[in-house]
2 protein chains.
Amino acid sequence: MDAAPPTGTQLLAVLAALASPHRLRIVAALAEGRSYVSELARRLQMNRPLLYMHLQRLEAAGLVVGTLETAPDGSSVKWFEVVPFALSLTPATVAAAVPTLEAGGSGKDEK
Amino acid sequence: MDAAPPTGTQLLAVLAALASPHRLRIVAALAEGRSYVSELARRLQMNRPLLYMHLQRLEAAGLVVGTLETAPDGSSVKWFEVVPFALSLTPATVAAAVPTLEAGGSGKDEK
DNA sequence: CCAGGGTGTCAGCATCTTCTGACAGGGGGG
DNA sequence: CCCCCCTGTCAGAAGATGCTGACACCCTGG
């Protein structure tokens, strides 16, 4: 149930999501345990809106998941945790993913 | 079998190098066999200067190697081939690499 | 001489991402 | 009342990146 070969587009999204110092740091921080936006922003010393954007990017790539938890007293806190992803990066896996790049419906010469 | 743990900076370079549709396509094309700049540009239908830049990026990240071969008749052809890299991408490997992230060689301090 | 194939580099433009400050709100407690 | 905690969204500056056409050069063959 793991290591399902990602489509080229999916692989690209993951790579693009991880290709940033801040986002790497965020993943590393979440790997040690869940946290919420404001707390994480304080720990990593970055603006909340900025961190918010990065978290959304990571979530869009499927690397982290966010859950808005509303406590019984009504206050809302959005918890983020890392998804136990695992992907192997080699010339072969890249070559296997590339043909499934782009829409994949038809058209091969798109430029 | 060189599973040497990459430094954060190194990992970031590889990820950034791979986070591009064109560059993924280039790696895939080279995975099927070596080629040289002009020929590859023709096959992938892109400008030579552009492909040249992408190849340099990939080479800087250590994913491909280029060798300028001067034939006995004097004509020069730069052959490129893919390096058999292999890196495992998981929350743990990211967390392990992040502490060795550098802010840019020297002097530059994080804000 | 001229056409053709190759490498390497450049200035400049179009475009995308990143980042910031300020805003909208929700709710709890002195 | 005011102050504190949290989420979510915005316009727009600032900067990095992708991309193009044109140029420099070398060598071979008609």
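Below, chain A is the first sequence line, B the second, and so on; all start at residue 1.
Contact between the side-chain N/O atoms of A:Tyr36 and the OP1/OP2 oxygens of D:dT7 is not found at any separation under 4.0 Å. For D:dT20, the OP1/OP2 oxygens have a side-chain nitrogen or oxygen of B:Asn47 closer than 4.0 Å.
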Polar atom pairs (N or O), protein with nucleotides 15-18 of chain D, under 3.5 Å:
| from | atom 1 | to | atom 2 | distance (Å) |
| --- | --- | --- | --- | --- |
| D:dG18 | OP1 | B:Arg23 | NH2 | 2.2 |

Scan nucleotides 27-30 of chain D against the protein and return all N/O pairs shorter than 3.5 Å with their distances rounded to 0.1 Å.
| from | atom 1 | to | atom 2 | distance (Å) |
| --- | --- | --- | --- | --- |
| D:dC27 | O3' | B:Asp73 | O | 2.9 |
| D:dT28 | OP1 | B:Asp73 | O | 2.6 |

Under 3.5 Å, N/O pairs linking protein and nucleotides 8-12 of chain C:
| from | atom 1 | to | atom 2 | distance (Å) |
| --- | --- | --- | --- | --- |
| C:dG8 | OP2 | B:Tyr52 | OH | 3.2 |
| C:dG8 | O5' | B:Tyr52 | OH | 3.0 |

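Between A:Glu39 atom CD and D:dC6 atom C1' the separation is 13 Å, expressed in whole Å. The CG-C1' distance, from A:Leu15 to C:dT17, rounds to 17 Å in whole Å. For the pair B:Leu40 CG and C:dG6 P, the interatomic distance rounds to 12 Å; values are reported in whole Å. Summarising the geometry, the separation between CG on A:Leu51 and C1' on D:dT7 is reported as 12 Å, rounded to the nearest angstrom.
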I'd like a table of donor-acceptor pairs (distance under 3.5 Å, sequence neighbours excluded) in which one partner is a side-chain atom from residues 74-84 of chain B, with atom names and distances.
| from | atom 1 | to | atom 2 | distance (Å) |
| --- | --- | --- | --- | --- |
| B:Ser75 | OG | B:Asp73 | OD1 | 3.0 |
| B:Ser75 | OG | B:Asp73 | OD2 | 3.4 |

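Nearest heavy atom pair, residue A:Leu51 against residue A:Ala41, reads CD2-N, 3.3 Å.
Between the B:Thr90 side chain and the A:Phe85 main chain, no donor and acceptor come within less than 3.5 Å of each other. Within the 3.5 Å criterion, the main-chain N or O of A:Gly8 finds a donor-acceptor partner in the side chain of A:Thr100. The backbone N or O of B:Leu18 lies less than 3.5 Å from no partner atom in the side chain of B:Arg23, so there is not a single donor-acceptor pair.
Legend: salt bridge (charged side-chain N to carboxylate O under 4.0 Å, His left out) pairs involving residues 35-58 of chain B, not counting sequence neighbours, sorted by first then second residue: B:Glu39-B:Arg43. Residue pairs satisfying the salt bridge (charged side-chain N to carboxylate O under 4.0 Å, His left out) criterion with at least one member in residues 60-72 of chain A, sequence neighbours excluded, are listed as follows: A:Arg34-A:Glu69.
Under the 4.5 Å side-chain heavy-atom criterion for ILVMFWY residues, a single connected hydrophobic cluster contains both B:Leu44 and A:Val94. A:Met46 and A:Leu63 fall within a single hydrophobic cluster, where Ile, Leu, Val, Met, Phe, Trp and Tyr side chains are chained together by heavy-atom contacts under 4.5 Å. The cluster map of Ile, Leu, Val, Met, Phe, Trp and Tyr, joined by side-chain heavy atoms under 4.5 Å apart, puts B:Leu87 and A:Leu15 in the same cluster.
To the nearest 0.5 angstrom, B:Glu102 atom CD is 4.5 Å from B:Thr9 atom OG1.
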